[in-house]
Amino acid sequence: MAATYDVVVLGLGGMGSAALAHLAARGVKVLGLEQFSPAHALGSSHGQSRIIRKAYFEDPAYVPLLLRAYELWEALERRTGRPLMLRTGGLMLGPEGSAVVEGSARSAREHGLAHEWLTAGDIRRRYPVMRPEPDEVAVFEADAGLLFPEACVLAHLEAAVADGAEARFGARVTGWEAIAGGGVRVRTDQGTVAAGRLVICAGAWLGAVAPELGLPLQVERNVMHWFEPAASSEAFAPDRFPIYLAERRGTPVFYGFPALPGEGVKVAFHHSGQITTPDAIDRQVSAEEVAAMRQTLAAWLPDAAGECLRSTACMYTNTPDEHFVIGLHPGDPNVVLAGGFSGHGFKFCSVVGEVLADLAMDGGTRHPVGLFRPGR
Ligand SMILES: Cc1cc2nc3c(=O)[nH]c(=O)nc-3n(C[C@H](O)[C@H](O)[C@H](O)COP(=O)(O)OP(=O)(O)OC[C@H]3O[C@@H](n4cnc5c(N)ncnc54)[C@H](O)[C@@H]3O)c2cc1C
């Protein structure tokens with residue numbers, strides 16, 4: 001059967017929208033299929049803000065990808081005229097020797113990234129609303145900040161369509177198989193399409209879309225909360241207050257953002273949520289969950305621990321080592337996989353889109369993605 005499209009992209013969330021844009025920019029005939037609506041709130045790419053930073057505590061191997069991700073986000077901003085990123089500076093905080101602090105300092109050192117080392121006294125002077133313990137320190141990175149995830153997804157979709165991509169929403173992929181002689185047949189609830197290549201960006205649904213791989217993925221429910229700051233709310237404005245990631249004794253790692261206009265101060269635990277599935281996830285947030293977050297916030301930012309304005313659930317798709325899954329499908333070189341972003345993928349969407357376009361069109365990429373081999 002003649003292929004109708006050069007490439008089909010399955011899933012148009014954070015990663016799929018970026019892949020669609022990069023493929024369309026190369027003049028490829030590409031179709032994107034998404035079961036829900038553009039920039040929906042039922043996957044992993046919603047909730048107003050995502051942290052972006054370069055001094056990556058998780059592993060210095062991510063830094064070259066981050067440098068390229070920043071360039072590509074800036075290029076997308078210029079092209080679409082949409083504000084996508086806000087540099088607020090970022091504090092990576094914890095006791096000396098903690099993974100967040102030491103890992104960030106190591107990445108900064110190894111890659112010559114601009115950063116400062118702050119003591120508890122420095123932190124209190126710079127951000128009087130913060131309450132560091134006397135033995136806590138922080139790596140401060142001026143280039144860190146946040147992305148607006150819904151705007152990022154919409155900007156990639158807009159650029160893709162402007163370059164000739166087709167995007168179908170409310171279209172669920174129900175299966176796919178290799179076509180003898182080359183290419184892939186993709187079945188949807190609205191009919192079947194054929195393509196030379198398939199790029200799978202199914203987020204928390206990856207296990208369901210590619211069950212043959214038996215990938216060791218766990219979907220984890222994690223909740224974001226927005227709290228109303230007390231009187232001194234100017235102290236939380238984005239020009240005065242940074243993003244932060246905190247590893248403190250007696251509480252799971254958590255992170256937060258400045259108060260964006262018209263919204264409260266956003267804060268969330270990183271991991272420590274329930275293991276679930278995209279079908280079974282509890283979208284309600286309990287009073288106990290809000291109370292646990294407020295208690296953590298009260299010790300760190302007491303002026304922000306006011307009324308909880310809203311809370312919403314989101315999904316991490318975790319791998320055992322918390323590194324991503326990016327590469328060719330081990331059983332079919334016409335299929336490219338991107339998933340398992342383990343709660344830290346959004347900042348990379350722009351560069352992952354470029355990597356996926358490389359893999360789909362050339363079978364390889366100049367970017368360092370060895371850490372993410374699907375069969376590792
Ligand atoms: C609470 C929370 C906080 C986070 N904070 C950060 C952060 O600060 N910084 C950061 O870098 N990362 C962060 N992340 C992680 C980051 O948001 C994710 O890694 C990223 O959004 C994953 O993108 P994705 O494209 O894989 O998934 P999604 O954006 O969920 O996209 C997958 C898409 O595939 C579609 N799909 C699935 N199956 C099918 C099918 N069969 N047919 C058609 N469509 C299908 C889905 O509907 C969905 O739209 C956070 C995540 C959460 C949940």
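Note that ligands are numbered from 1 as they come in the structure, with each ligand's atoms numbered from 1 the same way. Everything numeric here is computed off the predicted structure, so don't read it as measured data.
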Under 3.5 Å: N/O of Gly14 near N/O of ligand 1: yes
Note: ligand 1 atoms sitting under 4.0 Å from heavy atoms of Phe36 are 47 (O)
Near Met315 (heavy-atom distance under 4.0 Å), the atoms of ligand 1 are 53 (C)
*Salt-bridge criterion met for Arg376 and Asp321 (N-O under 4.0 Å)*: yes
The answer for which part of Ala171 has a heavy atom under 4.0 Å from ligand 1 is backbone
Based purely on interatomic distance, does Arg50 place a nitrogen or oxygen under 3.5 Å from a nitrogen or oxygen of ligand 1? yes
Polar contact flag for Met15 and ligand 1 (N/O pairs, less than 3.5 Å) = yes
Residues Glu166 and Arg168 bridged, charged N to O under 4.0 Å = yes
Between Asn222 and ligand 1, is there a nitrogen or oxygen pair with a distance under 3.5 Å?
no
Query - Within the 6.0 Å centroid threshold, strictly below: His271 and Tyr316 - result: yes
Check Asp163 with Arg79, please: is the shortest side-chain N to carboxylate O separation under 4.0 Å? yes
Are Phe348 and Phe324 close enough that their ring centers fall under 6.0 Å? yes
Going by atom types alone, do Tyr56 and Lys347 pair a side-chain donor with an acceptor below 3.5 Å?
yes
One finds that the ligand 1 atoms under 4.0 Å from a non-hydrogen atom of Lys347 are 9 (N), 10 (C), 11 (O)
**Message:** If only side-chain N and O atoms count, and only distance matters, is there a donor-acceptor pair under 3.5 Å linking His323 with Glu58?
**Reply:** no
Of Gly203, Ser44, Gly13, the residue with the heavy atom nearest atom 30 (O) of ligand 1 is Ser44
Ranking Ile51, Leu42, Leu12, Thr317 by closest non-hydrogen atom to atom 9 (N) of ligand 1, top hit is Ile51
Counting heavy atoms under 4.0 Å, the part of Ile52 that contacts ligand 1 is neither
Would you say Glu34 and ligand 1 have an N/O pair spaced under 3.5 Å apart? yes
**Message:** Quick test of your reading of the model: are Asp143 and Arg87 salt-bridged, counting only N-O distances below 4.0 Å?
**Reply:** yes
Contact region, Met224 to ligand 1, non-hydrogen atoms below 4.0 Å, reads side chain
Closest to atom 51 (C) of ligand 1 among protein heavy atoms sits Tyr316 CE1, 3.6 Å
Honestly, for Phe346 the part within reach of ligand 1 (heavy atoms, under 4.0 Å) is both
In sequence, state the C-alpha distance, the side-chain angles, and the governing distance for Tyr127 and Tyr244, and then conclude on ring-ring contact (aromatic ring centres under 6.0 Å, His included). CA-CA 12 Å; Tyr127 304 111; Tyr244 60 86; 9.6 Å; no
At under 4.0 Å between heavy atoms, what of Tyr255 touches ligand 1? The answer is side chain
- Are more than 12 heavy atoms from other residues, nucleotides or ligands located less than 6.0 Å from atom CD of Gln284? no
min-distance protein heavy atom vs atom 36 (N) of ligand 1 -> Gln35 NE2, 3.4 Å
For atom 15 (C) of ligand 1, the closest protein heavy atom turns out to be Gly343 C, 3.5 Å
- Message: Using modelled atom types and a 3.5 Å cut-off, is there a donor and acceptor pairing between side-chain atoms of Arg187 and backbone atoms of Val173?
- Response: no
Report task. State whether Arg82 and Glu77 are salt-bridged, where the test is any N-O pair (Lys NZ or Arg NE/NH1/NH2 against Asp/Glu carboxylate O) under 4.0 Å. Result -> no
Short version for His40: what comes under 4.0 Å of ligand 1, heavy atoms counted, is side chain
Are any non-hydrogen side-chain atoms of Phe341 and Thr319 less than 4.5 angstrom apart? no
Open item on the list: Quick check against the 3.5 Å criterion: does Trp176 have a side-chain atom that pairs as donor or acceptor with the backbone of Val209?
Closed with: yes
Out of Ser342, Gly16, Ser45, the nearest non-hydrogen contact to atom 29 (O) of ligand 1 is supplied by Ser45
Under 4.0 Å from one or more heavy atoms of Trp205, ligand 1 contributes atoms 37 (C), 38 (N), 46 (C)
Checklist entry - Judged by non-hydrogen atoms, does Ala268 sit under 4.0 Å from ligand 1? => result no
For Leu10, the atoms of ligand 1 under 4.0 Å from one of its heavy atoms are 39 (C), 40 (C), 45 (C)
Is Gly345 close to ligand 1, meaning an N/O of one under 3.5 Å from an N/O of the other? yes
shortest atom 52 (C) of ligand 1-to-protein heavy-atom contact is with Cys314 SG, 2.9 Å
Looking only at protein heavy atoms, what sits closest to atom 42 (N) of ligand 1 is Val173 N, 2.9 Å
Regarding Glu150 and His46, do their side chains bring together a donor and an acceptor under 3.5 Å, going by distance alone? no
Check: of Ala313, Gly43, Ala338, Cys201, min heavy-atom distance to atom 33 (C) of ligand 1 comes from Cys201
Modelled atom types, side-chain donor and acceptor of Gln218 and Asn318, under 3.5 Å:
no
